[in-house]
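Positions are given from 1, in the same order as the sequence printed here.
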Amino acid sequence: MVVDEVVVDRLLHALADTTRRDIVRRCLAGEASVSRLAEAYPMSFAAVQKHVAVLERAGLVTKQRSGREQLVSTDVDAVRRAREALDQLEATWRGRVDRMSDLLTETEGNQNDERDQR
């Protein structure tokens, strides 16, 4: 699966913050109002709203108005896409590390051959 780099950047940016990761976790258990979420953090309501907005732009949560409250819920499919993006990055880096290891082993073998010829 090829992942859009802009989408990956938004996901990783959104998940880079501890508070935002916690909001995603809390909302996985069930939707929560922004005001209830704000009670859980030592920051202003406006700051929590901004965190929710970053998560919403990344597609990790959705907001829905219910009367005077804004209810936040985690998009499970978006979390799955984030995991897939991280899995893809891991596979890319593991491949690079394996190639570097092979090159180092090859270089080391060539150096040993040169010493043996002396």
Side-chain angles (χ1 to χ4, degrees):
M1 171 183 169
V2 176
V3 180
D4 181 353
E5 292 297 321
V6 173
V7 172
V8 172
D9 288 346
R10 281 191 192 131
L11 287 170
L12 294 178
H13 170 72
L15 294 172
D17 183 85
T18 304
T19 301
R20 290 193 289 264
R21 287 191 307 273
D22 190 59
I23 290 170
V24 169
R25 274 192 295 272
R26 287 175 188 268
C27 294
L28 273 171
E31 62 186 15
S33 69
V34 176
S35 56
R36 170 153 285 161
L37 288 169
E39 293 171 2
Y41 304 106
M43 63 184 71
S44 69
F45 176 80
V48 173
Q49 278 184 311
K50 288 180 183 179
H51 282 300
V52 170
V54 170
L55 291 168
E56 192 174 26
R57 277 193 302 275
L60 289 164
V61 301
T62 57
K63 273 192 318 193
Q64 185 174 321
R65 189 164 284 289
S66 176
R68 294 179 60 194
E69 294 186 315
Q70 291 183 10
L71 300 177
V72 181
S73 57
T74 298
D75 182 340
V76 177
D77 288 334
V79 173
R80 190 174 297 116
R81 286 191 305 273
R83 195 191 100 232
E84 289 170 356
L86 290 172
D87 288 347
Q88 187 178 40
L89 287 171
E90 178 186 15
T92 298
W93 281 101
R94 283 187 186 276
R96 290 176 182 176
V97 168
D98 289 345
R99 285 192 299 279
M100 285 189 288
S101 179
D102 291 345
L103 285 171
L104 289 171
T105 301
E106 183 180 309
T107 301
E108 194 175 90
N110 289 341
Q111 289 174 347
N112 288 338
D113 289 346
E114 288 175 12
R115 277 190 227 126
D116 291 345
Q117 290 176 358
R118 291 183 199 158

Start with the C-alpha distance between Leu12 and Leu86, add both sets of side-chain angles, then the distance that settles side-chain contact (heavy atoms from CB on, under 4.5 Å), and finish with yes or no.
CA-CA 9 Å; Leu12 294 178; Leu86 290 172; 3.6 Å; yes
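- Between Val34 and Val72, the closest heavy-atom pair is CG2-CG2, 3.6 Å.
- Hydrophobic cluster membership differs between Leu28 and Leu71, with clusters built from Ile, Leu, Val, Met, Phe, Trp and Tyr side chains linked at under 4.5 angstrom.
- Salt bridge Arg80/Asp77: present, at least one basic N to carboxylate O contact under 4.0 Å.
- Arg20 contributes no side-chain N or O that, together with a main-chain N or O of Leu15, makes up a donor-acceptor pair within less than 3.5 Å.
- Minimum heavy-atom separation, Arg10 to Ala58: O-CB, 3.6 Å.
- Of the inter-residue distances, the one linking Gln49 atom CD with Glu56 atom CD reads 11.0 Å to the nearest 0.5 angstrom.
- How far CD1 of Ile23 is from CG of Leu60: 11.0 Å, rounded to the nearest 0.5 Å.
- Residues Ser35 and Glu69 form a side-chain contact, since some pair of their non-hydrogen atoms from C-beta on lies under 4.5 Å apart.
- Put simply, Val7 and Val24 are part of the same group of oily side chains (I, L, V, M, F, W, Y) that touch within less than 4.5 Å, one to the next.
- Taking CE from Met100 and CG from Asp102, the interatomic distance works out to 10.5 Å, rounded to the nearest 0.5 Å.
- Leu55 and Tyr41 fall within the same hydrophobic cluster, where Ile, Leu, Val, Met, Phe, Trp and Tyr residues are linked whenever their side-chain heavy atoms come under 4.5 Å apart, directly or through other members.
- Taken together through direct or relayed side-chain contacts under 4.5 Å among Ile, Leu, Val, Met, Phe, Trp and Tyr, Val61 and Met43 form part of one hydrophobic cluster.
- Of all the heavy atoms in Ala38 and Phe45, the pair that sits closest is CB-CD1, 3.8 Å.
- The neighbour count for Arg36 CZ, taken as heavy atoms of other residues, nucleotides or ligands under 6.0 Å away, does not exceed 12.
- Atoms SG and CG, on Cys27 and Asp22 in that order, are 9.0 Å from each other to the nearest 0.5 Å.
- From Leu37, atom CG reaches atom CD of Gln70 across 11.0 Å, with rounding to the nearest 0.5 Å.
- Using a distance-only test at 3.5 Å, with no hydrogens or angles considered, no donor-acceptor pair links the side chain of Ser101 to the main chain of Val97.
- Under a cut-off of 6.0 angstrom, the local environment of CZ in Arg68 is sparse, with at most 12 non-hydrogen atoms contributed by other residues, nucleotides or ligands.
- In the hydrophobic clustering of ILVMFWY residues, with side-chain heavy atoms under 4.5 Å counting as a link, Val8 and Val54 come out apart.
- The local environment of CZ in Arg94 is sparse, with at most 12 non-hydrogen atoms from other residues, nucleotides or ligands closer than 6.0 Å.
- To the nearest 0.5 angstrom, Gln88 atom CD is 14.0 Å from Arg81 atom CZ.
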